[in-house]
Amino acid sequence: MPTFPHVHRRPTRRRTGRAGSAGSAGRRTTAALLTAVLLAGGLALAPGAGAARSVADPAAATTPVRVNQAGYLPDGPKRATVVTTAAEPLTWQLRSASGSVAASGRTVVHGPDAASGEATHVADFSAYRKTGAGYVLVVDGWSSAPFDIRANLYDSLRTDSLAFFYHQRSGTPIEASLVGPEYARPAAHLGVAPNQGDTNVPCQAGVCDYTQDVRGGWYDAGDHGKYVVNGGISVWLLVDSFARAKRAGTASALGDSTQRIPERGNGVPDVLDEARWELDFLMRMQVPEGKPYAGMAFHKIHDAAWTGIPTRPELDPQPRELHRPSTAATLNLAATAAQCARVFRPYDPAYAKRCLSVARTAWTAAKANPALYAPDSDSTGGGPYNDSQVTDDFYWAATELYAATGERAYRDAVTSSPWHTSADALTATGFNWADTAALGRLTLATVPNGLPASDIRRLRASVTAAADGHLATMAGQGYAVPIPANGYVWGSNSQVTNNAIVVATAYALTGRQRYRAGVLESMDYLLGRNTLDLSYVTGYGDRYSRNQHHRFWAHQYDASLPNPPAGSLAGGPNSGLQDPVAQEHLAGCSPAACYIDDIGSYSTNEVTINWNAPLAWLAAFSAERHRG
């Protein structure tokens with residue numbers, strides 16, 4: 001059974017590893033790359049697309065007409081990309097399920113798309129606003145995948161993308177009555193054999209001389225590790241999703257009894273219940289009073305050695321270890337606990353008070369230990385998540401403490417930070433677990449606070465300027481993706497979603513429709529309007545990712561285990577080709593085509609909490625019925 005050593009580096013999630021023979025035996029043979037075949041009317045198949053598709057079906061070829069395979073909103077943009085070398089516009093037809101022509105027009109020649117290496121046209125049928133199922137877009141005799149046009153298009157994705165986190169819970173049974181028998185499993189990592197944790201976990205040698213109860217939380221990704229810095233950005237996004245919806249007057253869709261979780265019906269919004277499962281874990285990772293580095297947060301907890309794949313979590317026999325505290329983890333705890341204090345206050349004042357106490361303690365400890373960095377060498381059994389630039393984390397934590405308390409000491413920490421005025425807080429490639437200044441910027445731009453009005457205007461203008469930059473990037477591409485052509489790195493789909501959140505925030509600040517359209521076109525990319533003609537979200541679209549890297553959702557290696565549940569987001573194209581499967585099958589790929597739906601390709605096809613969290617944020621935003 002192969003293992004996959006993982007390495008995480010700034011700024012994106014990166015891993016290196018070795019796939020053993022068992023993994024090779026479990027993979028289907030990939031067909032040779034399709035060569036570009038010019039078709040009648042100038043349409044061409046993408047050479048990169050066939051490589052990825054061949055894992056699922058070696059005989060399959062993609063259509064040159066690329067759409068959001070889930071569909072489009074009646075009042076939203078409706079655009080498709082057509083792969084063609086034709087120099088002149090082509091005729092397109094929107095056909096209903098019965099085959100009748102519902103609308104027609106001419107494509108716009110876009111030309112070369114740098115990320116995919118394709119010549120492209122764009123077909124825009126946004127003017128068509130009727131609803132229905134089973135539409136196809138036909139260009140010169142070639143049909144797209146079928147899709148719907150309906151107002152409730154994103155309602156199920158809002159639910160499914162958030163349900164991912166219940167599936168990833170550690171320390172509790174995943175109930176068949178909530179997820180179905182295929183995904184049910186016993187509680188894991190509670191010290192019940194063969195598990196050896198997480199209720200009484202020792203530190204690595206030399207780190208501490210006591211044990212800690214660090215049960216609960218979410219498994220980080222396809223492994224059984226739990227990492228404070230990745231948990232931090234993930235839980236922040238879930239809580240921020242609710243806070244944003246509440247400001248917009250649409251929070252009822254995320255409210256109590258909207259999710260299938262054990263806490264439904266308790267009077268607390270379900271998205272906050274889910275976030276609390278992780279927040280409780282993060283607070284358990286705080287070093288106890290009276291111990292060295294009291295108030296700091298342990299950086300991570302995971303198996304002492306890499307766990308084989310597949311391994312059900314309740315059958316994981318590995319010893320578990322706490323890893324030394326870090327400044328970054330401590331500031332993640334401070335930021336998320338302070339956000340908890342602010343957002344949970346109306347629903348559970350006692351819990352909010354506890355969160356604020358933890359946040360204050362963590363902030364004080366981080367100030368006393370401002371340069372305790374997680375080593376990049378700590379990569380046995382789990383990724384290091386090393387980060388030696390923590391001024392952005394200080395800024396993020398200060399903004400959340402200030403937003404929660406209004407206290408001058410935290411405001412001074414905000415305004416004295418170089419990140420407060422830096423143009424680098426919001427970048428073209430997006431924020432991530434190691435680059436968190438943007439989170440502070442978004443909070444200050446949207447949450448009422450006591451900063452001067454001129455400061456608020458400047459902060460909000462920086463958000464809209466960043467959003468305009470993302471829209472400009474999209475306009476220059478054949479597929480309208482909010483990342484540059486060199487942005488197809490490990491977890492590129494999370495860079496897409498995080499940038500789309502900036503665009504959505506600009507919409508909340510201004511009400512300008514171009515920002516909402518930009519968010520919806522970003523969703524189009526994730527759901528099939530891309531060079532692979534593939535939806536990266538399991539269960540959504542005509543063709544979608546289904547063999548993501550995971551130790552329990554591992555049907556490709558063990559037929560008794562399931563594929564990932566609906567709403568799981570694959571990491572996406574990674575031009576670095578940082579795993580053996582990608583190296584074997586994707587050599588020479590264009591950046592946007594460097595993806596393969598194979599469980600062994602952990603550098604293109606893993607799932608993680610910090611990728612599904614922004615998807616859930618965007619799904620909730622996209623599902624809202626447009627007003628005005």
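Side chains of Ser545 and Tyr595: a donor-acceptor N/O pair is present below 3.5 angstrom, by distance only. Using modelled atom types, one finds no donor on one side chain facing an acceptor on the other under 3.5 Å when comparing Glu606 with Trp490. With 3.5 Å as the limit, one finds a donor-acceptor pair spanning the side chains of Asp597 and Asn605. Residues Thr538 and Gln548 bring a donor and an acceptor atom of their side chains to less than 3.5 Å of each other. A donor-acceptor contact under 3.5 angstrom links the side chains of Thr250 and Glu624, judged on distance only. In this model, a donor atom of one side chain and an acceptor atom of the other lie less than 3.5 Å apart for Tyr128 and Tyr135. Donor-acceptor pairing under 3.5 Å is lacking for the side chains of Thr604 and Asn574. No hydrogens or angles considered: nothing links the side chains of Asn493 and Trp611 as a donor-acceptor pair under 3.5 Å. Tyr544 and Gln69 share no side-chain donor-acceptor pair at under 3.5 Å. In the model, Thr91 has a side-chain atom that pairs as donor or acceptor with a side-chain atom of Arg106 under 3.5 Å.
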Discussion item. Applying side chain to side chain donor-acceptor pair (under 3.5 Å) to Tyr540 and Ser156, what does each step give before you reach the verdict?
Written reply: CA-CA 10 Å; Tyr540 286 80; Ser156 61; 3.0 Å; yes
Item to complete: Go through the steps for Leu254 and Arg158 under the test side-chain contact (heavy atoms from CB on, under 4.5 Å), then give the verdict.
Response: CA-CA 9 Å; Leu254 298 171; Arg158 175 179 56 203; 4.2 Å; yes
Discussion item. Apply side-chain contact (heavy atoms from CB on, under 4.5 Å) to residues Thr63 and Ser143 and explain how you reach the verdict.
Written reply: CA-CA 7 Å; Thr63 171; Ser143 298; 5.8 Å; no
Practice prompt. Verify side-chain contact (heavy atoms from CB on, under 4.5 Å) between Trp236 and Thr436, making sure each step is shown before the conclusion.
Written response: CA-CA 11 Å; Trp236 184 92; Thr436 57; over 6 Å; no
Fill in: Step-by-step salt bridge (Lys or Arg N to Asp or Glu O under 4.0 Å) determination, Asp155 to Arg625
CA-CA 10 Å; Asp155 288 14; Arg625 306 302 187 262; 3.0 Å; yes
Discussion item. Applying side-chain contact (heavy atoms from CB on, under 4.5 Å) to Leu238 and Glu278, what does each step give before you reach the verdict?
Written reply: CA-CA 11 Å; Leu238 291 197; Glu278 178 72 4; over 6 Å; no
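Between the side chain of Asn530 and the main chain of Tyr525, a donor-acceptor pair closer than 3.5 Å is present. Between the side chain of His555 and the backbone N or O of Leu561 there is at least one donor-acceptor pair closer than 3.5 Å. With hydrogens and angles ignored, the 3.5 Å screen pairs no side-chain donor or acceptor of Arg150 with any backbone N or O of Thr131. One N or O on the side chain of Arg460 and one on the backbone of Ala445 form a donor-acceptor pair closer than 3.5 Å. Using a distance-only test at 3.5 Å, with no hydrogens or angles considered, a donor-acceptor pair links the side chain of Ser462 to the main chain of Leu459. Listed for the Thr120 side chain is a donor-acceptor partner under 3.5 Å among the backbone atoms of Gly111. Judged purely by atom type and a 3.5 angstrom limit, Ser622 has no side-chain atom pairing as donor or acceptor with the backbone of Ala619. Within the 3.5 Å criterion, the main-chain N or O of Gln93 finds no donor-acceptor partner in the side chain of Ser104. Counting only distance, with no hydrogens or angles, the side chain of Thr510 and the backbone of Ala506 share a donor-acceptor pair below 3.5 Å. At distances below 3.5 Å, at least one donor-acceptor pair connects side-chain atoms of Ser492 with backbone N or O atoms of Pro573.
Put simply, OG on Ser601 and CG on Asp579 are 3.5 Å apart, with the number rounded to the nearest 0.5 Å. For the atom pair CG (Leu73) and CZ (Arg129), the distance works out to 10.5 Å, reported to the nearest 0.5 Å. Here the OG-NE2 distance, from Ser522 to His470, works out to 9.0 Å after rounding to the nearest 0.5 Å. A distance of 4.0 Å separates OG1 in Thr258 from CG in Asp270, rounded to the nearest 0.5 Å. Here Arg529 contributes atom CZ and Phe147 contributes atom CZ; the two are 12.0 Å apart, rounded to the nearest 0.5 Å. In this structure, CG in Asn612 is found 10.0 Å from CD1 in Ile609, a value given to the nearest 0.5 Å.
In this structure, Leu509 and Thr446 have side chains that are in contact, with non-hydrogen atoms separated by less than 4.5 Å. Residues Val502 and Asn498 form no side-chain contact, since every pair of their non-hydrogen atoms from C-beta on lies 4.5 Å or further apart. Between His550 and Pro564, every side-chain heavy-atom pair lies at or beyond the 4.5 Å cut-off. Side-chain contact between Phe431 and Arg441 is absent, with no heavy-atom pair separated by less than 4.5 Å. For the pair Ser494/Asn432, no side-chain contact is recorded, criterion being any heavy-atom separation below 4.5 Å from C-beta on. At a threshold of 4.5 Å between non-hydrogen side-chain atoms, the residues Lys78 and Leu94 do not count as touching. The closest side-chain heavy-atom distance from Arg247 to Val447 is below 4.5 Å. Thr473 is not listed as a side-chain neighbour of Pro482, based on a closest heavy-atom distance of 4.5 Å or more.
The two residues Leu426 and Ala466 come nearest to each other via the heavy atoms CB-CB, 3.7 Å. Between Pro310 and Ala554, the closest heavy-atom pair is CB-CB, 3.6 Å. Closest approach of Gln578 to Tyr602, counting heavy atoms only: O-CE1, 3.8 Å. The minimum heavy-atom distance between Asn499 and Gly430, with the atom names listed, is OD1-CA, 3.0 Å. The shortest heavy-atom contact between Glu118 and Tyr479 is OE1-OH, 2.5 Å. Across all their heavy atoms, Thr497 and Pro614 have their closest contact at OG1-CG, 3.3 Å.
Here the rule is side-chain hydrogen bond (donor to acceptor under 3.5 Å, both in side chains) with Trp218, and of His167, Glu274, Gln168 only Glu274 fits it.
Taking Pro591 as the reference, Tyr488, Ser575 meet the side-chain contact (heavy atoms from CB on, under 4.5 Å) condition, with sequence neighbours excluded. For Phe242, the ring pair (Phe, Tyr, Trp, His ring centres under 6.0 Å) partners are Tyr347, not counting sequence neighbours.
Salt bridge annotation for Arg260-Glu175: absent, with no cationic side-chain nitrogen under 4.0 angstrom from a carboxylate oxygen. Ion pairing of Arg66 with Asp524 is absent here, as no side-chain N (NZ or NE/NH1/NH2) approaches a carboxylate O to less than 4.0 Å. The pair Asp468-Arg512 does not count as a salt bridge, with every side-chain nitrogen at least 4.0 angstrom from each carboxylate oxygen.
A perpendicular orientation is assigned to the rings of Tyr183 and Trp553, their planes being inclined by more than 60° (bins at 30° and 60°).
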